[in-house]
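Before any comments, here is the structure.
All ligand and atom numbering here is 1-based and tracks the order in the structure. Counting begins at 1 with the first residue of the sequence.
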Amino acid sequence: MFNVLFTRLQQGHRTAKYPKQPPVLPDRFRGLPAIDPTKCPAGCRACVEACPTGAVAVDSGKPRVDLGSCLFCTDCTQACPTQALQFSRDHRLAARSRADLLSDGAMIPAGALEERLRKLFGRSLKLRQVSAGGCNACEADINVLGTLAFDLGRFGIQVVASPRHADGLLVTGPVTENMKLALRKTYDALPPPKIVIAVGACAISGGPFVGHPEVHNGVGDLLPVDLFIPGCPPHPYTILDGLLLLIGRLERRAAAAAGAASEAPRGT
Ligand code: SF4
């Protein structure tokens, strides 16, 4: 018994200091694309041809990645003969609009909810999660946010069991035909005002299932989406960054140095 207490005291406070300190990310983390079009050989389309989801386009010799479709699989970076396209370690990928996910390597623009909703949800946001045909990867990374390392509850954000108790939906998966009605009913059960957050490539665009007759290519055509969080799956810090931006607890500023991810906390 005393050993347990002693060990616990030795361990101290284990919750990460994010957002006051930059997140600690795994070595293999892939974040915001880092694109240098000056390195692109004339007429090269190796990245476009390598991409399994059609997420890369080359316009006037400049590659652009649709983060809403990207699986972060690195097929494009491996195919690139000059390393013109790589992935940085910047985890800040969430956007308020689908169009903002078309990345030329610049920081993704993002803002908070309108003032009225920010006042309502800024200190208390309850979310109901709906897995609309997800593989459980995005769901697992949402679950991780409830662990002591992230402690989502310290920001007033909680995943709740009933849509009647929720302010918004966290949708994962490409929205299969089987889940379409359940998703609609869950959305209708939320008391207004309500928000919708699409988590992961599947929920944003259909991901690897795009165009399949049994899926709806994400939630965007079925419900109004307030926040898009890219990734396959998104890292928990990418999800947390998006949620905090949405409720006005973070502001997005340019990283101080290339590859660094510095956030200015606001009232956390
Ligand atoms: S990392 Fe993204 S853009 Fe590159 S090939 Fe994979 S899915 Fe396509």
Side-chain angles (χ1 to χ4, degrees), residues 25-41 43-95 97-110 132-141 171-175 198-212 215-220 225 227-239 241-242 255 258-259 261:
L25 297 164
D27 291 344
R28 292 180 57 202
F29 179 79
R30 298 151 198 162
L32 189 68
I35 299 173
D36 183 354
T38 61
K39 288 186 179 172
C40 285
C44 179
R45 292 178 54 80
C47 52
V48 178
E49 280 151 21
C51 181
T53 60
V56 196
V58 177
D59 290 332
S60 312
K62 295 181 184 165
R64 211 170 51 159
V65 179
D66 176 8
L67 295 178
S69 302
C70 180
L71 308 180
F72 295 81
C73 66
T74 71
D75 283 1
C76 54
T77 56
Q78 290 175 46
C80 179
T82 59
Q83 298 191 319
L85 171 55
Q86 294 184 293
F87 285 97
S88 75
R89 295 178 57 73
D90 192 336
H91 67 289
R92 302 167 304 168
L93 305 174
S97 95
R98 180 71 181 85
D100 286 340
L101 293 179
L102 293 179
S103 171
D104 60 1
M107 191 172 55
I108 304 289
C135 70
N136 210 28
C138 294
E139 294 83 344
D141 274 349
V171 184
T172 54
V175 190
V199 180
C202 289
I204 297 173
S205 68
F209 310 105
V210 63
H212 192 283
V215 305
H216 290 273
N217 293 342
V219 64
V225 178
L227 183 70
F228 298 87
I229 305 179
C232 186
H235 191 278
Y237 277 124
T238 300
I239 304 173
D241 166 73

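- Here the closest non-hydrogen pair linking Ala84 and Cys80 is N-SG, 3.2 Å.
- Among the atoms of Cys70, none of the N, O or S atoms falls under 2.8 Å from atom 4 (Fe) of ligand 1.
- The protein atom (non-hydrogen) at minimum distance from atom 4 (Fe) of ligand 1 is Cys76 SG, 2.2 Å.
- Residue, atom and distance of the protein heavy atom nearest to atom 3 (S) of ligand 1 are Val56 CG2, 3.2 Å.
- At a heavy-atom distance under 4.0 Å, only backbone atoms of Thr74 (N, CA, C or O) approach ligand 1.
- Using cut-offs of 30° and 60° on the angle between ring planes, the pair Phe72 and Phe87 is tilted.
- Under 4.0 angstrom from ligand 1, the non-hydrogen atoms of Phe72 all belong to its backbone.
- Heavy-atom contacts of Pro52 reach the following atoms of ligand 1: 5 (S), 8 (Fe) (cutoff under 4.0 Å).
- Closest approach of Pro81 and Pro41 over heavy atoms only: CG-CG, 4.2 Å.
- Considering every non-hydrogen atom in both Arg92 and Met107, the closest pair reads NH2-SD, 4.0 Å.
- Of the protein's heavy atoms, Cys51 SG, 2.3 Å lies nearest to atom 8 (Fe) of ligand 1.
- Thr238 places a side-chain N or O within 3.5 Å of a backbone atom of His91 that can act as its donor or acceptor partner.
- Taking every heavy atom of both residues into account, Leu101 and Ala95 meet most closely at CD2-CB, 3.6 Å.
- We find the CG-CG distance between Leu67 and Leu32 to be 6.5 Å, quoted to the nearest 0.5 Å.
- Nearest protein heavy-atom contact of atom 7 (S) of ligand 1 is Leu71 N, 3.1 Å.
- Atom 6 (Fe) of ligand 1 lies under 2.8 Å from an N, O or S atom belonging to Cys73.
- Near Phe87, meaning under 4.0 Å from any of its heavy atoms, are these atoms of ligand 1: 1 (S).
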